Asks: 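The structure's right below; bear with me while I get my questions together.
Letters A, B, ... mirror the listed sequences (proteins, then strands); counts begin at 1. The structure presented is a predicted model; accordingly, all values stated were derived computationally and were not measured.
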2 protein chains.
Amino acid sequence: MKDLCAEIISVGTEILLGNITNTDARDVSVALSELGINVFWHTVVGDNAARLSEAVAVARGRADVIITTGGLGPTYDDMTKQTLSECFGLPLIFHPEQAEKIRGHFSAMGREMTDNNLAQAYLPEGCTVLENHCGTAPGCAFFAQGKHVIMMPGPPGELRMMLRTGALPYLSSLSDKVLVSHDIKLFGLSESAIDEIMGDIMKNSVNPSLAPYCATGEVRLRVTARSGDAAEAEAMTRPIIAETEKRLGQYIYGIDVDSLEQAAFLGLKKASLSLSCAESCTGGLIAERITAIPGASSVFLGGVAAYSNAVKTGLLGVKPETLERFGAVSRETAIEMAEGVRALTGSDVAVSTTGLCGPDSDGSETPVGTVYVALADASGTQCRRLFFPGDRGRCRTLAAHNAFDMIIKTMQLTEGYARE
Amino acid sequence: MKDLCAEIISVGTEILLGNITNTDARDVSVALSELGINVFWHTVVGDNAARLSEAVAVARGRADVIITTGGLGPTYDDMTKQTLSECFGLPLIFHPEQAEKIRGHFSAMGREMTDNNLAQAYLPEGCTVLENHCGTAPGCAFFAQGKHVIMMPGPPGELRMMLRTGALPYLSSLSDKVLVSHDIKLFGLSESAIDEIMGDIMKNSVNPSLAPYCATGEVRLRVTARSGDAAEAEAMTRPIIAETEKRLGQYIYGIDVDSLEQAAFLGLKKASLSLSCAESCTGGLIAERITAIPGASSVFLGGVAAYSNAVKTGLLGVKPETLERFGAVSRETAIEMAEGVRALTGSDVAVSTTGLCGPDSDGSETPVGTVYVALADASGTQCRRLFFPGDRGRCRTLAAHNAFDMIIKTMQLTEGYARE
């Protein structure tokens with residue numbers, strides 16, 4: 001099969017008003033790139049049938065695959081399905097089983113279903129239905145007039161789930177190549193530092209390829225190989241992973257793991273160790289991130305968001321003299337918080353954070369952006385002093401990242417890094 | 001002057017690969033909406049002169065204003081200026097003062113300037129130069145062949161600065177309209193129910209207009225009016241806000257507030273009441289969301305992520321008999337958790353969550369998705385039983401939403417809803 005090229009059309013006036021960022025197009029782009037489908041265009045149009053129709057006409061003239069996001073909901077301004085069905089000359093057919101699902105969704109929520117919701121059960125004739133596991137609007141895929149068309153809902157959670165469970169399996173069946181990829185996850189090095197160290201491989205490798213993706217404070221290096229045979233594609237990724245491990249080993253926290261918290265969770269679980277946390281500046285973020293993982297209760301006992309000093313002393317047993325002498329944002333307080341929550345919950349490992357994430361100063365000499373992260377376990381307590389000025393949310397995220405990294409490093413001393 | 005319509009063309013293969021999200025288009029959209037210029041299209045093309053040239057041809061056929069972001073840098077794959085100059089028949093002219101600035105930028109950084117950087121000092125003949133205060137590539141604006149064209153650099157920091165200091169002043173001189181908008185935030189009604197109740201207004205209102213935007217469990221209704229005069233535009237929004245309040249008042253949690261937690265925070269602050277929380281199924285999410293707000297410490301004392309039963313009994317004082325008889329996921333446990341954390345921290349108001357967010361059942365008869373949210377204050381303790389099956393993250397988000405909604409409702413009894 002020849003290389004396919006794709007256009008992503010996102011439908012939604014809220015994107016054109018700048019109310020939301022078009023993350024859907026990014027998510028679809030990432031997924032298509034992995035399948036080896038070239039995305040050459042993103043287009044955004046509003047909830048306007050005439051302009052959508054024109055955009056589809058333009059896309060038909062240049063792309064093999066047209067993927068739409070948004071405009072599948074039940075309200076008057078949702079018109080993607082109607083418009084594309086018309087453009088491709090397919091009538092909309094009622095799907096009773098989808099209507100049942102929509103009804104079921106509402107009754108499970110204990111809510112009355114309004115009749116307009118049934119519009120979502122109409123889909124283009126002959127299409128493959130893409131189930132919506134997070135909402136009511138199903139998506140669909142069809143091949144007509146020489147083009148592959150896929151329509152998916154706009155809410156990012158629904159889109160991502162349908163992409164994984166419906167659109168990608170559909171699209172990968174169009175290609176005779178298998179694509180295998182692995183994510184090498186790194187913490188503690190900037191993208192430009194990684195570019196200096198790995199640039200020769202990133203620039204010169206085509207199949208397998210190595211590409212960096214950045215997130216706050218961390219970098220993902222994706223190794224991708226394409227071949228007619230899955231085992232061969234898998235084997236092609238090995239040398240490039242080995243070379244990355246050789247050059248960047250100490251910064252790798254996991255391969256094919258979702259996140260720092262996932263790697264920390266897997267490490268603790270493997271070692272049969274329990275965790276608790278005491279959070280001041282992160283205010284619950286560490287607990288929230290670890291408990292977002294299904295099955296977190298096998299590792300996580302509990303945590304204290306110790307925002308006020310009274311909670312730090314009363315609940316965690318931080319000494320008033322410590323707060324007085326060193327301040328709430330200090331190495332000493334962080335250490336007493338970690339040790340305090342470890343004693344309180346009886347966990348094997350405990351982490352703590354205290355810091356000044358801003359935007360305002362607390363009036364002391366401590367500069368905004370100062371954070372202490374401590375980890376207490378049977379072998380003692382360690383503490384990192386960090387500095388993340390400029391943005392409250394980023395400061396909190398990086399403080400939590402460091403807490404998970406400390407857990408991972410402690411686990412790695414005996415175990416090597418995490419793999420899903 | 002007639003209403004202008006605009007197209008934003010973002011140039012960059014990294015967007016099409018999904019390596020970055022197109023925040024530039026969002027930022028330009030927000031700015032243009034505020035000027036009353038309709039953005040009808042976003043287009044993204046890669047670093048490819050032929051496809052960019054075609055995209056510009058399409059844009060010329062439909063838009064009055066064409067704004068490009070990206071592709072102004074010094075490297076071989078930066079071709080926006082060359083391509084657009086060609087499309088509009090304008091030669092590129094060398095600007096010695098820009099060359100001096102670029103030289104100065106490098107010497108200030110203590111770095112050698114390579115010759116390719118001087119390409120950035122060439123700009124379309126007769127254009128208005130838009131200074132780049134954060135980087136080396138200047139932008140430009142010109143009017144040619146009946147179209148307004150603005151080119152700006154891609155790095156988001158440079159773009160935002162140039163937008164504010166260069167592009168907006170240039171564009172505002174083209175329009176005589178002001179745009180005023182307000183966001184009415186609703187919780188507890190689905191988009192389709194809101195559509196049934198408000199559909200007549202949403203469909204028939206043009207100026208002022210009323211449009212719904214959905215997020216998980218909540219809906220934002222945006223009222224927008226455009227006029228030659230700001231006070232008149234403001235006045236035009238009033239009747240539509242009043243009608244929405246009349247029809248949906250009990251579901252409105254705020255106007256022009258960011259989020260449920262922001263409305264809860266403002267309500268507590270206004271009433272000078274403090275807050276604590278005890279979280280089982282939300283595992284820290286409530287604490288995390290409230291502490292993400294700058295100044296949260298004026299309201300929030302602390303919280304307990306009570307994931308294990310030992311933490312529920314030991315720290316929060318939930319009776320072992322209660323857990324035994326009713327289970328951890330029960331009205332009785334939720335109530336004792338809220339009352340327990342209120343006693344523990346001495347807060348005025350306390351909220352708690354306990355639930356089974358899945359994906360796996362706990363082996364009991366309680367169905368996955370069952371959540372109890374309780375609120376304790378001086379007047380007693382109330383509890384909501386809720387059911388959010390299907391997705392762990394969504395279940396946790398909606399449980400936390402309900403906790404904030406209970407706080408808001410409690411504050412509203414005396415105060416009315418929040419306004420920023």
Side-chain angles (χ1 to χ4, degrees), chain A residues 13-19 21-23 25-27 29-30 33 39-46 51 58 73-76 108-111 114 116-117 133-134 155 157 213 283-285 287-288 291-292 294 296-297 300-308 310-311 315 344-345 359-360 392-393, chain B residues 15-19 21-23 25-27 29-30 33 39-46 51 58 190-193 195-196 199 203 211-214 283-285 287-288 291-292 294 296-297 300-308 310-311 315 344-345 359-360 387 389-394 396:
Chain A
T13 302
E14 67 274 29
I15 305 174
L16 296 177
L17 287 169
N19 292 349
T21 308
N22 192 5
T23 57
R26 179 203 57 200
D27 292 338
S29 277
V30 168
S33 296
V39 178
F40 281 160
W41 306 272
H42 289 181
T43 298
V44 182
V45 289
R51 283 194 289 273
V58 170
T75 68
Y76 73 95
M109 303 267 293
R111 282 190 184 162
T114 51
N116 54 359
N117 280 286
H133 299 289
C134 315
Y213 301 91
L285 182 56
E288 188 278 315
T291 60
S297 58
F300 187 66
L301 301 183
V304 173
Y307 225 56
S308 70
V311 171
L315 215 60
L344 189 69
T345 60
D360 298 325
R392 181 180 176 86
Chain B
I15 306 174
L16 296 178
L17 288 170
N19 292 351
T21 308
N22 192 4
T23 57
R26 179 203 58 202
D27 292 338
S29 276
V30 168
S33 295
V39 178
F40 281 160
W41 306 273
H42 288 179
T43 299
V44 182
V45 288
R51 282 193 289 270
V58 170
S190 69
E191 186 190 12
S192 55
D195 191 54
E196 296 255 318
K203 275 192 205 77
Y213 303 94
C214 296
L285 182 57
E288 189 279 316
T291 60
S297 58
F300 186 66
L301 302 183
V304 173
Y307 224 57
S308 70
V311 171
L315 215 61
L344 188 70
T345 61
D360 298 325
F387 187 54
D391 179 80
R392 181 180 176 86
R394 187 170 167 278
R396 284 158 54 94

Asks: I need the minimum non-hydrogen distance between B/His42 and A/Ile15, along with the two atoms involved.
Replies: CE1-O, 3.5 Å

Asks: B/Pro389 versus chain A, heavy atoms under 4.5 Å apart: side chain, backbone, both or neither?
Replies: side chain

Asks: Mind checking what makes side-chain hydrogen bond (donor to acceptor under 3.5 Å, both in side chains) contact with B/Arg392, not counting sequence neighbours?
Replies: B/Tyr307

Asks: If you tally heavy-atom pairs under 4.5 Å against chain A, which of B/Leu315, B/Asp360, B/Leu301 wins?
Replies: B/Leu301

Asks: Quick check on the interface: out of B/Ala305, B/Gly18, B/Pro359, B/Ala211, who has the most heavy-atom pairs with chain A under 4.5 Å?
Replies: B/Ala305

Asks: Taking salt bridge (Lys or Arg N to Asp or Glu O under 4.0 Å) as the definition, give me every residue that meets it alongside B/Asp391, ordered by chain and number, with sequence neighbours left out.
Replies: none

Asks: Does any part of the side chain of B/Val44, heavy atoms only, come nearer than 4.5 Å to the side chain of A/Trp41, both counted from C-beta?
Replies: no

Asks: Do you know which of A/Pro155, A/Ser33, A/Gly284 has the most heavy-atom pairs under 4.5 Å to chain B?
Replies: A/Gly284

Asks: If we define contacts as heavy-atom pairs under 4.5 Å, which of A/Asn116, A/Val311, A/Val304, A/Leu285 has the most with chain B?
Replies: A/Asn116

Asks: Looking at A/Arg51, A/Glu14, A/His133, A/Arg26, which makes the most heavy-atom pairs under 4.5 Å with chain B?
Replies: A/Arg51

Asks: Mark yes or no for whether B/Ser29, through its side chain, and A/Leu16, through its backbone, hold a donor-acceptor pair below 3.5 Å.
Replies: yes

Asks: In terms of heavy-atom pairs under 4.5 Å, which option from A/Pro74, A/Gly303, A/Gly302, A/Ala287 contacts chain B the most?
Replies: A/Gly303

Asks: Under a 4.5 Å heavy-atom cut-off, does chain A meet the side chain of B/Ala25, its backbone, both or neither?
Replies: neither

Asks: Is there a donor-acceptor pair closer than 3.5 Å between any side-chain N or O of B/Arg396 and the backbone N or O of A/Thr291?
Replies: yes

Asks: So what's closer than 4.5 Å to chain A heavy atoms on B/Asn22: side chain, backbone, both or neither?
Replies: backbone

Asks: If you count heavy-atom pairs within less than 4.5 Å of chain B, which of A/Val30, A/Thr43, A/Thr75 leads?
Replies: A/Thr75

Asks: Looking at A/Gly393, A/Ser308, A/Ala310, which has the largest count of heavy-atom pairs under 4.5 Å with chain B?
Replies: A/Ser308

Asks: Check each atom of B/Ala292 against the heavy atoms of chain A and say whether the ones under 4.5 Å are side chain, backbone, both or neither.
Replies: both

